[in-house]
Protein chains: 2
Amino acid sequence: MSQLSTKSHTEAIMGLAGAKSGDRGSPNPCEACAVRGLSVCSALEPEDLPRLDRIVSHIQVSPGQLVFLEGDPADHLFVLTDGCIKLYKMLIDGRRQITGFLFPSDFLGLAMRERYAFSAEAVAVSALCRFPKRQLEQLLVEIPALERRLLGVASNELAAAQDQMLLLGRKTAQEKLGSFLHSLLRRTAPRSKAQDRIHLPMSRADIADYLGLTVETVSRCFTRLRKDGVVDFTTPQDVLIRDLGMLSDLSGVSDEY
Amino acid sequence: MSQLSTKSHTEAIMGLAGAKSGDRGSPNPCEACAVRGLSVCSALEPEDLPRLDRIVSHIQVSPGQLVFLEGDPADHLFVLTDGCIKLYKMLIDGRRQITGFLFPSDFLGLAMRERYAFSAEAVAVSALCRFPKRQLEQLLVEIPALERRLLGVASNELAAAQDQMLLLGRKTAQEKLGSFLHSLLRRTAPRSKAQDRIHLPMSRADIADYLGLTVETVSRCFTRLRKDGVVDFTTPQDVLIRDLGMLSDLSGVSDEY
DNA sequence: GCATGCCATTGATGTACATCAAGGCGGGCG
DNA sequence: CGCCCGCCTTGATGTACATCAATGGCATGC
C-alpha cells in the first residue's frame with residue numbers, strides 16, 4: 001500500500017501542478033460554469049459569484065490520479081465539474097472500501113476537519129474547482145446562505161451513507177447490484193439523453209469495492225441480471241435497463257433510493 | 001413490520017405525551033444541563049442560552065420506545081442528555097441495519113430534510129431535549145456559531161459513517177467486534193470511572209444488526225475474544241478490556257477509529 | 001502484424017458466516 | 001417460591017460468496 005500511496009501522491013502533485021491554477025486572465029469562470037445552478041454555488045447570488053472566482057482554481061486529473069490522500073491536511077474543498085471521482089478508505093493489508101462515487105456538480109471535502117478522512121482518485125478524466133479551505137470559510141461567514149447550503153449537502157450525504165450501510169450490512173449480492181444500478185440511474189440519467197441507459201465509468205473492481213464484494217461476484221451477478229432480462233450490456237461499461245420494475249424490486253426501494 | 005411500526009409509534013406518542021413538554025416553570029434548564037459544554041449547545045454564548053430554553057422541551061423514553069419513525073415528518077431535532085438511542089433502517093422483509101448508537105451529548109436528527117431517513121428507538125431509559133425544527137432554524141440564522149457547529153457535527157458523523165462502511169464491507173466478524181468495542185471504549189470510557197470497562201446497554205441482536213452479523217456470530221466472536229484473553233465479561237453487558245493492544249490490532253486502527 | 005498486459009467472464013473449489021436447533025441462565029410476575 | 005419467558009450461548013449443518021484458476025477480448029506499443 002505504501003508504494004501505491006507515495007507513487008500516487010506524486011502523481012497527484014504533478015496533476016495539481018499541471019492544472020491551470022488560479023486561472024488568472026479568465027474573467028469570471030464561475031458565471032459560465034457548467035454546473036452552476038446545480039451545485040453548492042447555486043446558493044450564491046449572481047453578484048457574489050466574483051468572490052468565488054477570486055479564490056477558485058481549476059484542476060484536471062486523469063484516471064488513476066489522486067486528488068488527495070487519506071490523512072493529507074484538508075486544505076482544499078472541491079466541486080466536481082466533469083468526469084467521475086471515487087472516494088475510498090483502506091485497511092493496512094490493502095483491503096479497500098469505496099465510500100462513494102462523485103459525478104459532476106458533486107461536492108468534495110465536506111469533512112471539515114484537520115485531515116481528509118478518505119482518499120479521492122479520478123475514475124475518468126475529471127475537472128474540479130478547488131477552493132482553499134481558509135478562504136472559503138471566510139466566505140461562509142460572510143454568506144450565510146452558503147453555509148446553509150453546505151449543511152443541506154451534508155444532510156444528503158449522511159442519508160446516502162446510511163442507505164449504503166443498509167446495503168453493505170443487509171443486502172444480498174444481487175440486491176447490492178440492483179441498488180447500485182438503480183441509484184446510478186437516478187443520479188446520472190436526468191442529465192443524459194437516454195433515460196434507460198447507464199454508463200459505468202468505473203471498473204468491476206471499483207464496483208466490487210463499493211459494494212463489499214469481489215470482482216467475480218459482481219461479474220456473475222451482472223450476467224445473472226442479464227439472463228433474467230433485467231438489464232443488457234452493449235459493452236461492459238454500458239448498461240441498458242430493460243425492466244425497471246424488477247430492478248426496483250431487487251434494490252429494496254420503498255420510498256428511499 | 002407494520003404491526004411493529006404502528007404499535008411502537010403509538011408508544012412513542014404516549015411517550016412524548018408523558019414528557020414534561022415545554023417545561024413551563026423551570027427557569028433555565030439549559031444552563032444547568034448535564035451535557036452543556038459537550039454538545040451542540042456549547043456553541044452558544046451564556047447570554048444566548050435563554051433563547052434555547054424558550055424553544056426546548058424535554059422528553060423521556062424507555063427501552064423499546066420510539067423517538068420517531070423513518071418517514072415521519074422531521075419536525076424536531078434532539079440532543080440526547082441521558083441513556084442510549086439506536087438509529088436504524090429496515091427493508092420491507094424485516095432485515096434491519098442499525099446505523100448508529102447515540103450516547104449523552106450526541107445530536108439527533110441532523111438529516112435536515114423533509115422526513116426522517118431512519119428510525120430512532122431507545123435502548124435504555126433516555127432523556128432528550130427536543131427543539132422544533134422551524135424555531136431552531138430561526139436561531140441558526142441569528143446565531144451563525146450554532147450553524148457552524150452543526151456543520152462540524154455533520155462532518156464528524158460523515159466520517160464515522162465512512163468508517164462504518166469500511167467495517168461493514170471489508171472487515172471480518174472478529175474485526176467488526178473488535179472495532180465495535182474499541183470505538184465504544186473511546187466514546188464512553190472518558191466519561192466513566194473505569195477506563196478499561198465498557199457497558200453494553202444494547203442487546204446482542206442490536207450489536208448484530210449494527211455490524212451486519214447474526215446474534216450467533218456475535219456471541220461466538222465474543223467468546224473467542226474472551227478465550228484469547230482480549231476481553232472478559234463480568235456480565236453479558238459488562239466488558240473488561242484485558243489487552244487493548246490486541247483489540248487495536250484487531251480493529252484495524254491506524255490513525256482512525 | 002504480433003506480442004503484451006489489463007480487464008471481464010466463467011468454472012471448480014473452499015470457507016466464513018448464516019441458519020437451524022437445543023439448552024442454560026437470570027429477571028419478572030403470579 | 002417457583003414458573004415463565006427473553007436473552008445468551010453453544011453445537012450441527014447449510015449456503016452465499018470468496019478464492020483459485022483458466023480463458024478470451026480489447027487496447028497499447030514495438
Side-chain angles (χ1 to χ4, degrees), chain A residues 4 62-64 86 91 93-97 123-125 167-181 198-228 231-239 250, chain B residues 4 62-64 86 91 93-97 123-125 167-181 199-228 231-239 250 252:
Chain A
L4 169 71
S62 7
K86 65 186 173 197
L91 295 170
D93 62 2
R95 280 174 289 174
R96 187 180 66 154
Q97 179 65 40
V123 168
V125 174
L167 178 148
L168 289 169
R170 289 302 180 211
K171 290 187 182 178
T172 66
Q174 285 279 333
E175 291 169 338
K176 286 177 177 181
L177 260 300
S179 302
F180 174 65
L181 291 178
I198 309 174
H199 179 71
L200 304 176
M202 70 292 288
S203 69
R204 297 293 190 261
D206 285 344
I207 298 174
D209 281 346
Y210 181 57
L211 300 177
L213 300 170
T214 59
V215 191
E216 293 92 334
T217 301
V218 168
S219 186
R220 275 186 255 271
C221 287
F222 270 153
T223 54
R224 164 60 75 102
L225 287 175
R226 180 168 48 74
K227 285 180 180 168
D228 290 352
V231 301
D232 210 346
F233 288 86
T234 60
T235 82
Q237 278 69 48
D238 291 283
V239 192
L250 214 57
Chain B
L4 169 72
S62 11
K86 64 187 174 196
L91 295 171
D93 63 3
R95 280 174 290 173
R96 187 180 66 153
Q97 179 65 40
V123 168
V125 173
L167 178 148
L168 289 169
R170 287 303 179 211
K171 290 186 183 178
T172 66
Q174 285 280 335
E175 292 169 337
K176 286 177 177 180
L177 259 299
S179 302
F180 174 66
L181 291 179
H199 180 71
L200 304 175
M202 68 292 287
S203 70
R204 296 294 190 263
D206 285 344
I207 297 175
D209 280 347
Y210 181 57
L211 300 177
L213 300 170
T214 60
V215 191
E216 294 92 334
T217 300
V218 168
S219 185
R220 274 186 256 269
C221 287
F222 270 153
T223 54
R224 165 60 74 102
L225 287 175
R226 180 166 50 71
K227 285 180 181 168
D228 289 352
V231 301
D232 209 347
F233 288 85
T234 61
T235 81
Q237 278 69 47
D238 290 284
V239 192
L250 214 59

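Nothing here was measured: the structure is a model prediction, and the numbers come from that model. Lettering of chains follows the sequences in order, A, B, ..., and the numbering in each one begins at 1.
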Quickly work out the [X] [atom1] to [N] [atom2] distance and round it to whole Å.
| X | N | atom1 | atom2 | result |
| --- | --- | --- | --- | --- |
| Lys176(A) | dC17(D) | NZ | P | 7 Å |
| Arg96(A) | dA18(D) | CZ | C1' | 17 Å |
| Leu177(B) | dA16(C) | CG | P | 16 Å |
| Leu211(A) | dA18(D) | CG | P | 10 Å |
| Lys227(A) | dT9(C) | NZ | C1' | 10 Å |
| Glu175(B) | dA16(C) | CD | P | 12 Å |
| Leu213(B) | dC17(C) | CG | C1' | 8 Å |
| Arg226(B) | dT9(D) | CZ | P | 8 Å |

Should [X] and [Y] count as side-chain neighbours, where that means a heavy-atom distance under 4.5 Å?
| X | Y | answer |
| --- | --- | --- |
| Lys171(B) | Leu211(B) | no |
| Val218(A) | Lys176(A) | no |
| Asp206(A) | Arg96(A) | yes |
| Pro63(A) | Val125(A) | yes |

Practice problem: Let me know, please, whether Thr172(A) or Glu216(A) comes out on the 5' side of the other along DNA chain D by nearest nucleotide. | Solution: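 By nearest-heavy-atom nucleotide position, the 5'-most residue is Thr172(A).
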
Quiz item: Looking only at heavy atoms, which two atoms of Ser179(A) and Leu167(A) are closest? And how far apart?
Solution: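 Nearest pair, atom of Ser179(A) first, then Leu167(A): CB-CD1, 3.6 Å.
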
Heavy atoms only, 4.0 Å cut-off, all strands: where does [X] land among base, sugar-phosphate and nothing?
| X | value |
| --- | --- |
| Gln237(B) | sugar-phosphate |
| Thr214(A) | base |
| Ser219(B) | base |

Exercise. Would you indicate, yes or no, if dA18(D) has its OP1 or OP2 atom less than 4.0 angstrom from a side-chain nitrogen or oxygen of Thr217(A)?
Key: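 It does, given that an N or O in the side chain of Thr217(A) lies less than 4.0 Å from OP1 or OP2 of dA18(D).
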
Quiz item: 5'-most contact on DNA chain C: Phe233(A) or Cys221(B), nearest heavy atom basis?
Solution: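 First, find each residue's nearest nucleotide; the 5'-ward one identifies Phe233(A).
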
Quiz item: Arg220(A) has a side chain; which of dA18(C), dT10(C), dT9(D) sits nearest to it?
Solution: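 The answer is dT10(C).
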
Quiz item: Considering only side-chain heavy atoms of Thr223(B), which listed nucleotide, dT10(D), dC17(C), dC8(D), is closest?
Solution: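 Comparing dT10(D), dC17(C), dC8(D) against the side chain of Thr223(B), the answer is dT10(D).
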
